[in-house]
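Contents: one structure, followed by commentary.
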Amino acid sequence: MSISTKPASGFRDFLPNEMRQRQHVFHIIREVYKAHGFEELDTPCFERLDTLLGKYGDEGDQLMFKVLQRGRKLEKALNLDEPKDTDLADMGLRYDLTVPLARIYAQYKNELPRYFKRYQISPVWRADRPQKGRYREFYQCDVDIVGSSSMTCEAEVTSALAMVLKKLDFSGATIQVNHRMLLRAFIEAADIDVSLETDTLVAIDKLDKIGIDGVTKELLERGITQESIDKLLPMLDITVDVDDQGMPDNLAALNALGEKIGHLESGQQALKDLGELFTLGQHTAAATMLRLDPYLARGLSYYTGPIFEIRSSDFSGSLGGGGRYDGLIGMFGKESVPACGFSLGIERILVLLEERQQLQQVKPPVDVLITLWSQEALPTCLKLAQKLREDGLKVDLYPDLDKYKKQFKYADERDIPFVILLGKDEIAQDLIGIKNLKTGEQETVAYDKVVEIIKCKDK
RNA sequence: GUGGGUGUAGCUCAGUUGGUUAGAGCGCCGGUUUGUGGUACCGGAGGUCGCGGGUUCAAGACCCGUCAUCCACCCCA
């Protein structure tokens, strides 16, 4: 019986070609985050189960990969009458990067700066069923600012995000914006019971997918009365005008909303926050991308203030999401600390870049291949390789005395632009043969010239 | 968790209403006189048709089960 060599379902292997492309994209993201003053953090892939549970709603708890107890403790748990997940498992794989951040902050608060601006690019795990752009292990690229309630944080985070999107050729993407308290106000104004809040939000969030009739139907199915629906839906029906320069008039849309729910206390805070955010946002990279979207709701239960989601016309789901979560850090037992952040759905962005074939132009992995023409030339080849490497070049050395055909073909396969030839003639003259595989040009030159040729091509 | 599609060579797939030794393209390996690759020509290797059972004189084709995979829903990045 042979063992399957495929990775486990929903998991992927990244071969060097793919790694090059992924690293290229990660690099762009890192540079933008760093430019905004964020520093990198890493946390363990395992967290204690009680750190994770209860932060993402019931669905989240279901989709969490849990780690089985080991040894005695496992035996003991198995002997229980009806062992539960929490008896059998004591740890879980992290489900996102925000909860670990909250834990870190609660733990190290006194050692961290007054405002903790961190980014993290790491895998997370969800026991979901795989689909297009959905995996069980996937990378998230998070930026968060902990320690301030100012809407400047929202403005900074969305600015960083907008800059990444532009650099990755997603200029057409939008950052949809809503506010948790605004949603709460809608629910109140429509006389919907608070217990049905989540059901209501899940239904209205689907507007762009199933349309107004679909939403109505789903709201009814979820137990919302027709009377409430008739109050609710007209309130949400707000469009954001965009001018010739692509600048959206979010403030006008916000004012229109204010007329409808401005009298409610819950709505007032939301209106104030969003008013500030949209005003500040006009001066950042996100100016053209921000869009007020009263229908936007986000599943993760820890959000308390503004919420965001990236939409792009060529993908039906979201390319990332975030928001303010002022209550999460307080859940770790100490004082409550305001925070806001964003998670970029890098896997989906990569899927789209791949579809658009925008991932081809990544630089070759190696600058030059030194071919091997005779056993006697080997010491000279090794010496040359060493020298070139010290001069900052990426150099590969062909290890076997194969036919030239094979050696050239190998260079071709790896997209190596130059090969060096050290045959009898070259060694006798103390010169180096260098061939450009794209143009077919070949020269026999001195060492310095070789470096010059390769570095020149590099540009 | 729910529903649907697909499993034939390394990859993408063809394979007529069941009927002899299962095909193509690409890729791979070798060769076209041993100091030159990506083009061309010639040759070659490679498949218990996902797995198990059933129907039949006969199954890659039909039926049942199972596994894998993809897509959609749920939910989400």
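Below, chains carry the letters A, B, ... as their sequence lines are ordered, and counting in each starts from 1.
- For B/U48 and B/G10, the P atoms lie 8 Å apart once the distance is rounded to whole Å.
- For the atom pair CG (A/L421) and CG (A/L369), the distance works out to 9.0 Å, reported to the nearest 0.5 Å.
- The CZ atom of A/F138 sits 17 Å away from the P atom of B/C75 (whole-angstrom rounding).
- Rounded to whole Å, the separation between the P atoms of B/U6 and B/C64 comes to 14 Å.
- Between the C1' atoms of B/U34 and B/G27, the separation comes to 27 Å (whole Å).
- With sequence neighbours left out, A/Q140 forms a side chain to side chain contact (heavy atoms under 4.5 Å, CB included) with A/D96, A/L97, A/V124, A/R126, A/F138, A/D142, A/S343.
- Between A/G345 and A/K209, it is A/K209 whose nearest contact on RNA chain B lies nearer the 5' terminus.
- Salt bridge status for A/D90 with A/R48: absent, with no side-chain N to carboxylate O gap under 4.0 Å.
- When the C1' atom of B/G1 is taken as reference, atom CZ of A/R136 falls 13 Å away, rounded to whole Å.
- Salt bridge A/D273/A/R324: absent, no basic N to carboxylate O contact under 4.0 Å.
- Qualifying ring-ring contact (aromatic ring centres under 6.0 Å, His included) partners for A/Y139, counting only residues two or more places apart in sequence or in other chains: A/F26.
- As judged by a 4.0 angstrom heavy-atom cut-off over every strand, A/S318 is placed among residues touching the sugar-phosphate backbone only.
- Counting any heavy atom pair closer than 4.0 Å across all strands shown, A/G133 reaches a base atom.
- Contact annotation for A/R222: backbone-only contact, meaning every heavy-atom pair under 4.0 Å involves sugar-phosphate atoms and none involves a base.
- Residue A/F308 contributes atom CZ, which lies 14 Å from atom P of B/A77 at whole-angstrom precision.
- A/Y447 meets the side-chain hydrogen bond (donor to acceptor under 3.5 Å, both in side chains) test with A/D391; sequence neighbours excluded.
- Ion pairing between A/R12 and A/E18 fails under the 4.0 Å rule for side-chain N and carboxylate O.
- With distances taken from any side-chain atom of A/R348 to the nucleotides B/C75, B/G3, B/A77, the minimum falls on B/A77.
- Looking at the side chain of A/K6, the nearest of the listed nucleotides B/A72, B/C75, B/A68 is B/A68.
- Remark: A/E218 pairs with A/K206, A/R222 by the side-chain hydrogen bond (donor to acceptor under 3.5 Å, both in side chains) rule, at least two apart or across chains.
- Taking a cutoff of 4.0 Å between a charged side-chain nitrogen and a carboxylate oxygen, A/E347 and A/K132 do not qualify as a salt bridge.
- With both ends at atom C1', the span from B/G18 to B/G54 equals 15 Å, rounded to whole Å.
- Look at A/Q140 and you won't find any side-chain N or O under 4.0 angstrom from OP1 or OP2 of B/A77.
- Each ring pair (Phe, Tyr, Trp, His ring centres under 6.0 Å) pair with one or both residues in residues 28-52 of chain A, not counting sequence neighbours, appears once here: A/Y33-A/Y119.
- Atom-to-atom, CG of A/L296 to P of B/A77 comes out at 11 Å; the value is rounded to the nearest Å.
- Evaluation of the side-chain hydrogen bond (donor to acceptor under 3.5 Å, both in side chains) rule for A/D85 yields A/K66 as partners, not counting sequence neighbours.
- Rounded to whole angstrom, the span from the CG atom of A/D58 across to the C1' atom of B/C74 amounts to 14 Å.
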Between protein and nucleotides 7-11 of chain B, what N or O pairs are separated by less than 3.5 Å?
none

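- Computed from coordinates, the A/L161 CG to B/A77 P distance equals 13 Å when rounded to whole Å.
- Among residues two or more places apart in sequence or in another chain, the side chain to side chain contact (heavy atoms under 4.5 Å, CB included) test is passed with A/P248 by A/V240, A/V242, A/N250, A/R291.
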Sort me out a list of protein N/O and nucleotides 41-50 of chain B N/O pairs below 3.5 Å, or just none if empty.
none

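- Side-chain atoms of A/Y135 lie closest to B/A77 of the nucleotides B/A77, B/U2, B/C74.
- Atom-to-atom, OH of A/Y56 to P of B/C76 comes out at 13 Å; the value is rounded to the nearest Å.
- For A/R129 against B/U2, a side-chain-to-base donor-acceptor contact under 3.5 Å is present.
- B/G5 and B/C29: their C1' atoms are spaced 36 Å apart (whole Å).
- One donor-acceptor pair, N or O on each side, does fall under 3.5 Å between the base of B/C75 and the side chain of A/R134.
- Under the 4.0 Å criterion applied to side-chain N and carboxylate O atoms, A/R184 and A/E197 are assigned as salt-bridge partners.
- The CG-P distance, from A/L63 to B/A77, rounds to 11 Å in whole Å.
- For the residue pair A/Y410 and A/D396, a side-chain donor N or O sits within less than 3.5 Å of a side-chain acceptor on the partner.
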Pairing pattern in dot-bracket form [Watson-Crick, G-U; both distances under 3.5 Å; | = partner strand] for RNA chain B: (((((((..((((.....[...)))).(((((.......))))).....(((((..]....))))))))))))....
Contact state string [nucleotides 33-40 of chain B, B base, S sugar-phosphate only, - no protein heavy atom under 4.0 Å]: -SBBBB--
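- Comparing B/A45 with B/A9, their C1' atoms are spaced 11 Å from each other, to the whole Å.
- Partners of A/D205 by side-chain hydrogen bond (donor to acceptor under 3.5 Å, both in side chains), not counting sequence neighbours: none found.
- B/U69 and B/G50 have their P atoms separated by 16 Å, with the value rounded to a whole Å.
- A/T371 comes within 4.0 angstrom of nothing in the nucleic acid, heavy atoms only.
- A salt bridge links A/R30 to A/E40: at least one charged side-chain nitrogen sits closer than 4.0 Å to a carboxylate oxygen.
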